[in-house]
Structures are given as C-alpha cells and as structure tokens.
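So the structure is just underneath, and the comments pick up after that.
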2 protein chains.
Amino acid sequence: MLDSAIREGESVNGYQRVFEVFRERVLNGEWRPGDRLPSERELSLELKVGRPLLREVMRSLDMLGVLDIRHGKGAYVAKADFKVLSDFFAFYLAQEKNALDDVMQARIAIECQAVRLACDRATDNDIARIETCFKQLMATLEDPEQGGRADYQFHLAIVEASHCQSLMTLYHAISALLLKSHVQRRQITLGSDEVIEAHIDSHRQVFLAIVEGDGDKANQRLREHFSIGDELRRKSIIAAYTQEAEASLGRR
Amino acid sequence: MLDSAIREGESVNGYQRVFEVFRERVLNGEWRPGDRLPSERELSLELKVGRPLLREVMRSLDMLGVLDIRHGKGAYVAKADFKVLSDFFAFYLAQEKNALDDVMQARIAIECQAVRLACDRATDNDIARIETCFKQLMATLEDPEQGGRADYQFHLAIVEASHCQSLMTLYHAISALLLKSHVQRRQITLGSDEVIEAHIDSHRQVFLAIVEGDGDKANQRLREHFSIGDELRRKSIIAAYTQEAEASLGRR
DNA sequence: GGTTGAAAGTGGTAAGACCACCAGGTTGGC
DNA sequence: GCCAACCTGGTGGTCTTACCACTTTCAACC
C-alpha cells in the first residue's frame with residue numbers, strides 16, 4: 001500500500017493525489033518553513049478539489065507538524081517537530097503491554113548515545129545548564145512533582161547537549177511518559193535517606209564525567225544510574241507489597 | 001455571555017474535542033485494534049459534529065496509523081505502526097542539513113542498546129536468523145545493491161532479536177535512509193580486498209559476541225564496527241577526491 | 001442450483017452557506 | 001492631533017446537503 005502512489009493510472013483517490021502535491025512542494029523546497037500558503041479557497045481551485053477534501057489533507061499535515069494552521073491568519077509551513085511523535089506513541093503504547101519498560105529501553109538507548117556525543121560537543125552553556133539542573137534536583141528532593149520535573153530536566157539537558165537533532169526528536173517523543181514515570185518513581189521512593197543519597201550521587205557522577213569529557217566513563221555511569229534506578233524501583237515495589245500484606249494480616 | 005462556552009478549557013475547537021474523544025476511546029480500550037467503528041454518519045450524529053469535521057479527524061488518525069479506513073467497508077481500529085514515522089522523517093529530513101550523519105547517531109544509539117538486549121533475549125531462532133543474514137552478507141560481496149540489502153538485514157535481525165517493540169519501531173522509522181546509506185557505501189568502497197575483509201570480520205565479531213550472550217562485548221564490538229565503517233567511508237571519500245584531483249591535473 | 005444484477009450501506013467528494021477570528025483601515029470622541 | 005473603538009475584508013472553522021464510488025448482500029432470474 002506504500003506503492004499506491006506509483007500506479008500509472010489516475011485511479012488513486014483524490015486525497016492521495018493532493019497529499020502527494022503537498023509532499024512534492026515541501027520536499028522540493030517550493031514551500032519552505034515559514035512560508036505562508038495560499039488560502040484554502042485558492043488552493044482548492046488550483047488543485048481542482050473541494051475545500052473539505054483539501055482540508056482533510058491540510059489537517060493531516062498539521063497533525064504531522066508539517067503545517068501550522070492558524071485561524072483567521074492562514075496556513076504556514078512549519079519546521080516539522082516532535083508533536084506528532086508524542087501523539088503516535090500515546091496511541092501506540094496504549095496497545096502494548098509492558099509499554100513503559102519497553103520505552104525505557106529506548107530511553108536508555110537514546111541517552112547513552114547522547115551522553116557520549118555530549119562529552120564531545122557540549123558547550124560551556126550546555127555544561128552550565130546541566131549543572132543548574134543538578135542543583136535544582138538537589139533543591140527539590142522533598143517534592144515528588146517538582147523533583148520529578150527536575151530529574152527529567154537534567155536528563156533532557158544532557159540529550160540536548162548532544163546537539164543531535166534526531167536523538168532530541170526521539171527523546172521528546174517519549175518525554176511525556178518519562179516525565180510521568182519520574183514523578184511516579186519519586187512518589188514511591190520518597191523519604192528514604194539512603195535512596196536519596198544514592199540517587200543524587202548517581203547524577204553527580206554522570207555530570208562530572210561529562211565535564212571531564214570522557215565519553216566511555218559517562219556512558220558507563222549513566223548505565224549504572226539506570227540500573228540503580230531500576231533496582232530501587234523493584235525494592236520499592238516489593239516493600240509496598242510487603243507493607244500491604246502486613247496491613248492485611250493486621251486487619252484479621 | 002460569549003464567554004459562557006469558555007469553561008474548564010474544554011472550549012477548544014471542535015477538531016480538538018473530537019480528536020480527544022477518539023484518543024480517549026482508543027486509550028481506554030473501548031475501541032480495540034480490529035474493531036469496526038460506527039459509520040461516519042452515525043458518529044457525526046453522536047458527537048454532534050458535521051461529517052466533514054469528523055472526517056478531518058479520522059483522516060488524521062488514518063495517517064497516524066491508528067485507523068484503517070476502507071472505502072465501502074468502514075473504518076477499523078488498527079495497530080499503530082511505523083508508517084507514519086517514515087512520512088514524518090521524510091518531511092523532517094528534507095528540512096535538516098547533515099541529516100544523514102545525524103540519523104546515523106540515532107541508529108547507533110538504537111542498535112547498541114538492541115544488541116545488549118539481544119544478548120539476553122535472543123531465541124535460537126533469532127540467532128539462526130542473524131547467522132543466515134551473515135552468510136547472505138558473505139555471498140553478496142560483489143553486488144552493491146544486494147550486499148547493501150544483506151548488510152541492512154543483518155543489522156535489522158539484531159534489532160529484532162532484542163524483542164523490544166519501541167526500539168524496533170524507531171529503527172523501522174529510519175530504515176529507508178539506512179538502506180540507502182548501506183547501498184551507497186557499498187558502491188563507494190567496492191573492490192578493496194582489505195576493506196571487505198575488515199568489514200566481514202567486523203560483522204563476525206558482533207555475531208559471535210551475541211552468540212556468547214556477552215552484552216558488553218557485543219556492544220563494544222558493534223561500536224568498533226561503526227567506527228570502522230565511518231573511517232572507511234572517510235578514506236574512500238578522500239581517495240575519490242584525490243583521484244578526481246589527479247584526473248583534473250592530468251587534463252591540463 | 002448457479003449466476004447476475006439491483007439495492008442498501010459505506011466511505012469519497014463537491015458546493016454553498018454561515019460563523020469565528022484576525023488585521024488593518026476608518027471613524028468617532030477626547 | 002491623538003487614541004480608542006468600531007467596521008470591514010479576508011482567512012480558517014463548521015454544518016448541511018447532495019451526489020458519486022466502492023463493497024457486500026441477497027433475491028430475482030436463467
């Protein structure tokens with residue numbers, strides 16, 4: 001069905017035809033980011049299709065992030081962004097079991113590569129930002145909501161220090177889940193001094209390795225960071241169930 | 001009084017409202033993959049929106065891969081797949097310079113994590129498949145087209161042996177570019193025995209590490225594989241330019 | 001009994017009308 | 001003369017209606 005456009009005849013449906021026109025013009029650079037498109041009325045006239053059909057295509061492209069349609073102003077070509085990927089993953093993950101664990105693997109993949117690149121490419125600004133995030137992390141230990149956000153910001157800063165668009169894009173795509181997961185974990189593990197200390201130190205080690213610019217070391221420490229987090233989460237879950245069991249026994 | 005509609009922020013435009021309804025119903029499992037949706041007329045009645053608007057939403061979801069709309073039959077909930085990601089990347093990469101290098105970083109990220117998981121999770125079947133791909137790789141050394149495809153298949157087999165959906169999804173998303181890149185590289189580096197030997201051995205090492213089930217080793221060897229490939233490509237480019245320069249001098 | 005073709009239901013498309021929003025020019029008051 | 005409020009034209013946002021094209025079904029016909 002991917003080949004449907006290759007058909008010789010005019011038999012493809014109008015939607016495909018119009019979509020291809022847009023694809024062509026954007027990919028050929030005829031329509032560049034920031035350009036304003038003709039009005040829907042004009043376009044529907046030019047392409048010889050009705051406005052509803054044209055709008056179906058444009059809406060789809062809007063969802064793809066290729067167009068930015070603004071009520072009362074017009075439609076603009078946008079720089080494709082990750083918005084659509086978030087939507088896609090939301091639907092996608094709703095249909096997958098073990099989705100969070102699964103996505104966590106993608107997250108590890110992205111961050112581990114990003115941290116390597118960051119060691120080479122990070123500017124002073126990037127370093128400073130990561131440091132700021134780290135301080136913020138320490139300042140919000142008590143609040144699961146803010147702490148989770150700070151945690152997420154720290155990791156995000158690392159990924160953006162890689163200056164690699166595709167990694168950043170993919171990371172953003174799963175960011176909604178990551179943020180949620182960070183907050184959840186905070187709520188579970190809140191309160192244990194030992195946990196907090198390990199957590200902070202783990203972040204610090206990663207940060208220092210980046211400052212040193214040692215890609216291998218940074219990668220290794222980040223992996224340790226993830227496995228520590230994983231272990232802590234398991235412990236917490238076990239603890240939670242144990243408490244529950246005891247409470248259950250106590251009620252008898 | 002016009003503001004009466006503005007409450008709870010639920011007052012956004014109809015498109016958003018309808019989209020959220022679909023999102024809810026799919027995410028809540030009310031509509032599961034394979035289910036057939038009510039007809040457009042029924043839905044537009046139920047949701048109290050016009051059919052064109054409803055269709056805009058459904059088309060968008062069709063593009064996202066969430067719905068499968070079939071003329072004359074109806075709309076079905078589909079398992080979200082990576083088709084949309086390819087479209088997205090096509091637009092996205094058209095706007096980015098250095099796109100290929102950039103995406104290559106994402107590729108490395110995905111494969112390096114995948115190979116670790118593969119070491120733990122690969123079944124006998126997976127191993128056999130990777131081995132088959134490796135043999136195919138050796139059998140097609142002469143043909144850039146087939147050789148490039150075999151190369152791609154080898155790496156794909158590794159990723160799929162990770163049994164990690166999100167990694168596989170992301171990998172598929174960039175697969176079109178990877179395949180193209182594999183073939184291109186083959187065309188450039190074709191002919192040098194030394195290059196071919198290094199290339200084959202590099203793959204072999206990765207394969208063996210997976211068979212051993214040693215994640216760290218496999219990861220390291222895969223990284224070496226990539227850096228070898230990178231180096232070879234650079235050398236070839238330099239060689240090509242050198243030849244060109246000599247030829248240019250010769251013509252004078 | 002097998003074939004065929006109409007009918008019903010579905011998505012596909014078009015046209016026209018009207019509403020909501022935005023920007024820029026016009027008009028009114030100060 | 002200046003500024004605010006208002007009007008106006010253009011744009012996207014939405015609804016309605018009608019009709020076309022594809023698929024399936026089932027009953028009439030051979």
Side-chain angles (χ1 to χ4, degrees), chain A residues 1 4-5 7-22 25-26 31 33-78 83, chain B residues 1-23 25-26 31 34-78:
Chain A
M1 59 179 63
S4 58
R7 288 283 149 68
E8 281 298 319
E10 200 65 44
S11 64
V12 288
N13 50 25
Y15 179 88
Q16 277 293 327
R17 218 190 75 233
V18 176
F19 184 83
E20 290 304 327
V21 171
F22 275 81
R25 296 194 181 176
V26 171
W31 287 342
D35 287 359
R36 184 183 162 189
L37 267 53
S39 74
E40 296 182 353
R41 274 117 181 145
E42 289 177 47
L43 274 175
S44 72
L45 239 65
E46 180 198 338
L47 302 179
K48 297 186 181 62
V49 295
R51 234 184 107 206
L53 174 56
L54 177 71
R55 281 181 56 78
E56 286 178 23
V57 175
M58 292 179 70
R59 280 284 210 194
S60 297
L61 290 171
D62 180 69
M63 162 121 59
L64 259 188
V66 177
L67 291 184
D68 181 14
I69 303 178
R70 274 175 282 190
H71 192 167
K73 296 187 68 177
Y76 297 79
V77 181
K83 189 183 52 155
Chain B
M1 48 193 74
L2 288 175
D3 306 322
S4 60
I6 305 178
R7 49 184 56 176
E8 289 301 313
E10 200 61 47
S11 69
V12 289
N13 52 26
Y15 179 88
Q16 278 294 327
R17 218 191 74 234
V18 175
F19 184 85
E20 290 304 326
V21 171
F22 275 80
R23 187 195 194 96
R25 296 193 180 176
V26 171
W31 288 342
D35 286 0
R36 185 184 163 190
L37 267 52
S39 75
E40 295 183 352
R41 280 138 181 117
E42 288 177 50
L43 274 175
S44 72
L45 239 63
E46 181 198 338
L47 302 179
K48 298 186 179 61
V49 295
R51 208 163 59 108
L53 175 56
L54 176 71
R55 281 181 56 79
E56 286 178 22
V57 176
M58 292 179 70
R59 280 284 210 195
S60 298
L61 289 170
D62 181 68
M63 161 121 49
L64 259 188
V66 177
L67 291 185
D68 182 14
I69 303 178
R70 274 174 282 190
H71 193 170
K73 298 188 67 176
Y76 297 78
V77 181

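All chains are named by letter (A, B, ...) in the order of the sequence lines, taking the proteins before the strands, and each is independently numbered beginning at 1. Computed over heavy atoms, backbone and side chain alike; hydrogens, waters and symmetry mates excluded.
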[atom1] of [X] versus [atom2] of [N]: gap in Å, rounded?
X       : N      : atom1 : atom2 : answer
B/Asp62 : C/dG11 : CG    : C1'   : 11 Å
B/Tyr76 : D/dT24 : OH    : P     : 8 Å
B/Phe19 : D/dG13 : CZ    : C1'   : 18 Å
A/Arg17 : C/dA14 : CZ    : C1'   : 13 Å
A/Glu56 : C/dG12 : CD    : P     : 8 Å
B/Leu53 : D/dG12 : CG    : C1'   : 13 Å
B/Gln16 : D/dG12 : CD    : P     : 18 Å

Problem - Sugar-phosphate only, base, or nothing, as touched by A/Gly50 at under 4.0 Å among non-hydrogen atoms - result: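 Result for A/Gly50 = sugar-phosphate.
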Practice task
Check every strand shown and say whether B/Arg55 touches a base, only sugar-phosphate, or nothing at a heavy-atom separation below 4.0 Å.
Solution key: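 The answer is base, as B/Arg55 lies within the cut-off (heavy atoms under 4.0 Å) of a base atom.
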Exercise for the section: Compare side-chain N and O positions of B/Arg51 against OP1 and OP2 of D/dC19 and report whether any pair is under 4.0 Å apart. Expected result: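 False: B/Arg51 side-chain N/O out of range (4.0 Å or more) of D/dC19 OP1/OP2.
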Handout entry: Under-4.0 Å side-chain N/O to phosphate OP1/OP2 contact, A/Lys73 with C/dA23
Key =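 For C/dA23, OP1/OP2 do have a side-chain N/O of A/Lys73 under 4.0 Å.
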Problem - Ionic contact status for B/Arg51 with A/Glu56, cut-off 4.0 Å - result: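 Judged by the 4.0 Å cut-off on N to carboxylate O distance, A/Glu56 and B/Arg51 do not form a salt bridge.
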Practice task
Please round to the nearest 0.5 Å and tell me the distance separating atom CD of A/Glu42 and atom CG of A/Leu37.
Solution key: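 The CG atom of A/Leu37 is 10.0 Å from CD of A/Glu42, to the nearest 0.5 Å.
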Exercise for the section: For A/Gly72 and for A/Leu54, locate the closest nucleotide of DNA chain C by heavy-atom distance; then report the residue assigned to the nucleotide nearer the 5' terminus. Expected result: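 Residue closer to the 5' terminus by nearest nucleotide: A/Leu54.
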Practice task
Specify the residue among A/His71 and A/Pro52 whose closest nucleotide of DNA chain C lies further upstream toward the 5′ end.
Solution key: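 Per heavy-atom nearest nucleotide, the more 5' residue is A/Pro52.
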Problem - B/Arg55 and B/Glu40: CA distance, side-chain angles, deciding distance, side chain to side chain contact (heavy atoms under 4.5 Å, CB included) verdict - result: CA-CA 8 Å; B/Arg55 281 181 56 79; B/Glu40 295 183 352; 2.8 Å; yes
Looking at [Y], is its backbone amide N or carbonyl O close enough to the side chain of [X] to form a donor-acceptor pair, meaning the two atoms are under 3.5 Å apart?
X       : Y       : answer
B/Arg70 : B/Tyr76 : no
A/Arg17 : A/Leu47 : yes
B/Arg36 : B/Lys73 : yes

Handout entry: Heavy-atom side-chain proximity of B/Phe22 to B/Leu54 below 4.5 angstrom
Key =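 A side-chain contact exists here, since the closest heavy-atom pair is under 4.5 Å.
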Problem - Nucleotide nearest B/Ile69 when distance is taken to its side chain, options D/dG12, C/dG12, C/dA15 - result: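 When the side chain of B/Ile69 is considered, C/dG12 is the closest of D/dG12, C/dG12, C/dA15.
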Handout entry: Any residue of residues 34-45 of chain B with a heavy atom less than 4.0 Å from an atom of DNA chain C
Key =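 B/Arg36, B/Ser39, B/Glu40, B/Arg41, B/Glu42, in order of number.
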